[in-house]
Amino acid sequence: MADAVTARTDDYSQWYLDVVREAKLADYSPVRGCMVIRPHGYALWEHMQDALDGMFKETGHENAYFPLFVPQSFLEREAEHVEGFAKEVALVTHSRLVEDEDEGGLVPDPESELGEPLVVRPTSETVIWNKYADWIQSYRDLPLLMNQWANVVRWEMRTRLFLRTTEFLWQEGHTAHATRKEAEEETRRMLEVYRTFAEEYMAMPVFAGVKTESERFPGAVNTYCIEALMQDGRALQAGTSHFLGQNFAKAFDCTFANQDNEEEYVWATSWGVSTRLVGGLIMTHSDDQGLVLPPKLAPTQVVIVPIYFDDDQQTDVMNRADDLLGELEDAGLRAELDARDTQRPGWKFAEHELQGVPVRLGLGPRDLENGTVELARRDQPGDKENVSQGGLADRVRATLEEMQQDLYDRAKAHREERTRTATSYDEFKKAVAEGGFVWAHWDGSEETEARIQEETKATIRLVPLPGETERQPGEDLLTGEPSEGRVLFARAY
RNA sequence: CGGGGCGUGGCGCAGUCCGGCAGCGCGCAUCGUUCGGGACGAUGAGGUCCCCGGUUCAAAUCCGGGCGCCCCGACCA
C-alpha cells in the first residue's frame, strides 16, 4: 500500500492531518470548524481526563456542572472579559422554528425571540461567579474549589483539528479564596499540576511562566502558562492558570465576611486544559509511520497479533495468545488481542503502527515451538526482538516504562537543540525563522512586543517564573532599552 | 475577513480547455489461491457529476447566479 501519511519534511501541516485521519482520532463535521472525535481519539482524551481528574481531586477540588448558556448581560459585567470574548461568541436568539410561508423550509419563529439573547459559553467565569456570589457569605465558606468538564464554543476564524476548533472539550477549574496570597498559591499550584501532567503523562517537556499583558486572559490579573515545542519548531500553549484577582468578585458582587466581620471581595482563580492537548501530543512524538503515543496515555498499551497458516495452527496460536493476554491484563496492562480473522498480520502491523500502540507482540507457530514472542516498540520502527514467553508481563511493563522515559528524553533533547539565546536582533530573527524557542531581552513595552511580532511573527510565549531561572538584566535587542531579564519568544500555534 | 484550491460511487482522483455511452485506483461483497510487514486472481455491487437557472438535438463539460468545504495569512486555548 502507498504511504498513508505524508512525510513531515514534505508538508508538516498535511502530515498532521494525515495522522489524525489515519489514526482515526477525529473527522470533520458537517459544521465548519467543528470536529467529530472518534472512539480512538476520545479514548485518548479519557485517559488524559482520568489522570488530570485524579490530580484535581488530590489537590482538593470537586467536580460540578454549570450550564452551556450564559445570559448575554453576564458577559458584559466584566469590561475586559467582554472585550476579549464578544467577537467570538455564538448566540441563541430564538427558541423555535416555523415553516416559512413564502420560501418554504424553516425560519426562526419571530414570536419565540428571547427577551435576552443567550451566549453559548466561551468559558464559564460569569455563570459560575454569579452563583458563587450566592454561595459565599463567610470566610467559613472559603476556599471554594471546583472544576468542571465541559464543552465550550469560540467562533474562531481559522480552525485546525484538535488545535483550534469552534467547539472544544476542556476542563475549567474555578476557585474562590479569602486572600490574595491563597489565590496566587492556587494559581501556581495548578500550573504545577499541568506541568507534571504534561511531563509525566504526555512525556512533553514544557516551560512554565507568565504571559505578557497582551497575551493575558481577558479579565485576569495574571495568566500563567506552560509552553511546549512541537517538532516543526512552533510553540504550543498547553495549559493556562489565571490569577483573577477580585475582578469577577467585583463584577458579580461576591463578598464575604472575614473573621473581623469586615466585608471583603473574594479572590479568584481559573485554570484549564483542552482537547488541544491531543494535538500537542501528536506533534510531540508522532513520526512518518503515524501516531506515537506515550504508554501512560495509550488507549491500548500492548497488542498481540496472532500469526497462523492453517486451522490447527490458528487454534494453537489463539489458545496461547489468550493465555498471554490474560497474563498481561492481570498485570494491569491495557492489552488487546487482535483476533480478527478478516485481516492479515501485515495489515494489522501497519494499522497498529498508524494508531500508535506502544508495544506490539507477534505470536506465530515458530514462537510456540521456541516459547518466544516477537516484541516491537512503536518508537523504534523496524526493531524487533524475540523475547521469552515466561515473565512476559514484566518484560512488557519494563518496555513501556522505558518507552515513556525515552519519549520524554527525546522530546526534551529536541527542545534543547532548538532553544537558543539571541544576543542581537539579527541573530534573533534568524533563530525565529529557523523555528524554535528563543530567549531574548525585552524592554517590557507593549509597543516593542508588537513590533517584534510584526517583523518576525514571533510572540512572547512567557516571562519566566521568579526564581525559576536566573534573570540577568540586559538591553532590549530591538530598542536597546533596559531589560529585567530574557523572555521566551517563538512562533506559536 | 483577505489569498489560493476543490466540489464527479465510501475515499483519492481523471474527464471540463475542445459538449456526444460517467471512467480509473483504493476500498466494499462473493469465491478460490494465499498468510512472520498493508497478498493475488476472477466475478460483482455501488452515481440526483454541490445546488438553481440559461444555451443546445444533446451539458459533469459552455454561460449566469448561489452554496459548501479544505489549505495559507491576520485574530485566538
Side-chain angles (χ1 to χ4, degrees), chain A residues 1-6 11-14 16-18 21-22 27-35 83-89 122-123 152-172 194 211 214-218 223 225-228 235-242 270-280 289-290 305-311 313-314 317 341-354 360-370 372-374 376 381-384 386 450 453-454 457 459 461 491-493:
Chain A
M1 188 180 179
D3 285 341
V5 177
T6 304
D11 184 346
Y12 195 78
S13 177
Q14 188 58 48
Y16 175 81
L17 293 167
D18 289 348
R21 186 189 62 245
E22 292 298 325
D27 204 345
Y28 296 106
S29 88
V31 179
R32 190 197 111 84
C34 294
M35 67 173 168
E83 201 185 318
F85 286 110
K87 57 184 182 293
E88 55 184 25
V89 292
T123 179
V152 288
V153 166
R154 295 181 188 176
W155 216 269
E156 302 287 354
M157 294 177 196
R158 184 156 131 54
T159 57
R160 268 167 89 82
L161 293 177
F162 288 113
L163 296 174
R164 177 168 300 106
T165 46
T166 300
E167 179 192 17
F168 56 94
L169 305 185
W170 77 347
Q171 131 309 288
E172 47 180 325
Y194 289 154
K211 285 294 187 192
S214 68
E215 299 268 332
R216 194 177 292 158
F217 175 77
T223 287
C225 63
I226 53 172
E227 293 279 332
L236 184 79
Q237 179 172 308
T240 49
S241 182
H242 316 290
S270 70
W271 28 274
V273 297
S274 72
T275 36
R276 165 178 260 201
L277 289 179
V278 176
Q289 272 67 250
V305 176
I307 295 149
Y308 44 79
F309 305 89
D310 58 44
D311 290 354
Q313 284 181 349
Q314 178 173 8
V317 168
D341 199 23
T342 51
Q343 314 292 351
R344 298 160 65 258
W347 194 94
K348 293 178 181 177
F349 291 173
E351 185 179 66
H352 293 300
E353 224 156 64
L354 281 168
R360 187 192 70 231
L361 302 173
L363 184 75
R366 230 154 51 207
D367 295 301
L368 293 194
E369 267 174 48
N370 302 335
T372 56
V373 179
E374 183 189 85
D383 280 10
K384 289 185 273 204
N386 290 310
Q453 179 171 2
E454 181 84 10
K457 305 251 193 285
T459 50
R461 302 319 301 157
R491 288 183 183 167
Y493 273 100

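Chain identifiers are assigned alphabetically (A, B, ...) following the order of the sequence lines, protein sequences preceding nucleic acid strands; residue numbering begins at 1 within each chain. All heavy atoms count here, side chains included; hydrogens, waters and symmetry mates do not.
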*With a non-hydrogen cut-off below 4.0 angstrom, is A/Leu169 in contact with a base, only sugar-phosphate, or nothing?*
nothing
*Looking for any heavy atom pair under 4.0 Å, which part of the strands does A/Gln14 touch: base, sugar-phosphate only, or nothing?*
nothing
*Evaluate the side-chain contact (heavy atoms from CB on, under 4.5 Å) criterion for residues A/Lys211 and A/Arg461: first the C-alpha distance (whole Å), next the side-chain angles of each, then the deciding distance (0.1 Å), finally the verdict.*
CA-CA 7 Å; A/Lys211 285 294 187 192; A/Arg461 302 319 301 157; 3.5 Å; yes
*Sequence neighbours left out, what passes side-chain hydrogen bond (donor to acceptor under 3.5 Å, both in side chains) with A/Glu351? Give chain and number order.*
A/Arg340
*asked:* Whether the side chain of A/Lys384 and the base of B/rG37 hold a donor-acceptor pair under 3.5 Å is what I'd like checked.
replied: yes
*Closer to the 5' end of RNA chain B via nearest nucleotide, is it A/Gly33 or A/Arg154?*
A/Gly33
_For a quick check of understanding: with a heavy-atom distance under 4.0 Å over all strands, which category does A/Lys87 fall into, base, sugar-phosphate or nothing?_
sugar-phosphate
_Identity of whatever pairs with B/rG41 - Watson-Crick or G-U, under 3.5 angstrom_ = B/rC31
*With heavy atoms under 4.0 Å as the rule, sort A/Thr342 into base, sugar-phosphate or nothing.*
nothing
*So which nucleotide does B/rC24 pair with, by the Watson-Crick or G-U wobble rule with both distances under 3.5 Å?*
B/rG12
_Counting the atoms with a prime plus P, OP1 and OP2 as sugar-phosphate, which does A/Gln289 contact under 4.0 Å by heavy atoms, base, sugar-phosphate, or nothing?_
nothing
*asked:* Between P on B/rA77 and CZ on A/Arg216, what's the gap in Å once rounded to a whole number?
replied: 13 Å
*Which listed nucleotide (B/rC75, B/rG73, B/rG36) is nearest to the side chain of A/Glu156?*
B/rC75
*For nucleotides B/rG9 and B/rA74, find the distance between their P atoms and express it as a whole number of Å.*
35 Å
*asked:* Please identify which of these residues, A/Gln313, A/Gln314, A/Lys348, meets the side chain to side chain contact (heavy atoms under 4.5 Å, CB included) condition with A/Pro306.
replied: A/Lys348
_Is it the case that the base of B/rG37 and the side chain of A/Arg360 share a donor-acceptor contact (distance under 3.5 Å, atom types as modelled)?_
yes
*Could you tell me which nucleotide pairs with B/rG73 by Watson-Crick or G-U wobble geometry, both distances under 3.5 Å, or answer none if nothing does?*
B/rC1
*With a 3.5 angstrom cut-off on both distances, give the Watson-Crick or G-U wobble partner of B/rG53, or none if there isn't one.*
B/rC63
*Once you round it to whole Å, what is the distance between P of B/rC71 and CG of A/Leu17?*
6 Å
_Parallel, tilted or perpendicular: rings of A/His242 and A/Phe217 (30°, 60°)_ = parallel
*asked:* Can you tell me how far apart CG (A/Leu236) and CG (A/Leu163) are? Round to the nearest 0.5 Å.
replied: 6.0 Å
*Looking at the side chain of A/Arg158, which of B/rG36, B/rA77, B/rC72 is the nearest nucleotide?*
B/rC72
*Using the P atom in both, what is the distance from B/rA60 to B/rG66, to the nearest Å?*
22 Å
*Using purine N1 to pyrimidine N3 plus N6-O4 or O6-N4 for Watson-Crick, or N1-O2 and O6-N3 for G-U wobble, each under 3.5 Å, what pairs with B/rG46?*
none
_Work out how far the C1' atom of B/rG53 is from that of B/rU43, and round it to whole angstrom._
44 Å
*For A/Asp310, answer base if it contacts any base atom (sugar-phosphate contacts may also be present), sugar-phosphate if it contacts only those atoms, and nothing otherwise; contact means non-hydrogen atoms under 4.0 Å.*
nothing
*Determine the contact category for A/Phe168: base if any of its heavy atoms lies under 4.0 Å from a base atom, sugar-phosphate if only primed atoms, P, OP1 or OP2 are that close, otherwise nothing.*
base
*Give one of base, sugar-phosphate or nothing for A/Ser13, where a contact means two heavy atoms less than 4.0 Å apart.*
sugar-phosphate
*asked:* Roughly how many Å apart are B/rU56 and B/rC63, using the C1' atom of each and rounding to a whole number?
replied: 12 Å
*Check whether more than 12 heavy atoms from other residues, nucleotides or ligands sit under 6.0 Å from atom CH2 of A/Trp155, and answer yes or no.*
no
_C1' spacing across the pair B/rC17 / B/rG12, given as an integer number of angstrom_ = 23 Å
*Between B/rU34 atom P and A/Asp311 atom CG, what is the distance in whole Å?*
13 Å
_Inter-nucleotide P distance (B/rC75, B/rC28), Å rounded_ = 46 Å
*Whole angstrom is fine here: how far is it from CD in A/Glu215 over to P in B/rA77?*
7 Å
*Base B/rG38 paired with A/Gln343 side chain (donor-acceptor, <3.5 Å)*: no
*According to the Watson-Crick and G-U wobble definitions, with both distances under 3.5 Å, which nucleotide is paired to B/rG68?*
B/rC6
*Taking the C1' atom of each, how far is B/rG5 from B/rC62, in whole Å?*
22 Å
*In Å and rounded to the nearest 0.5 Å, what is the CG to OG1 distance from A/Leu161 to A/Thr159?*
7.5 Å
_C1' spacing across the pair B/rC69 / B/rG25, given as an integer number of angstrom_ = 23 Å
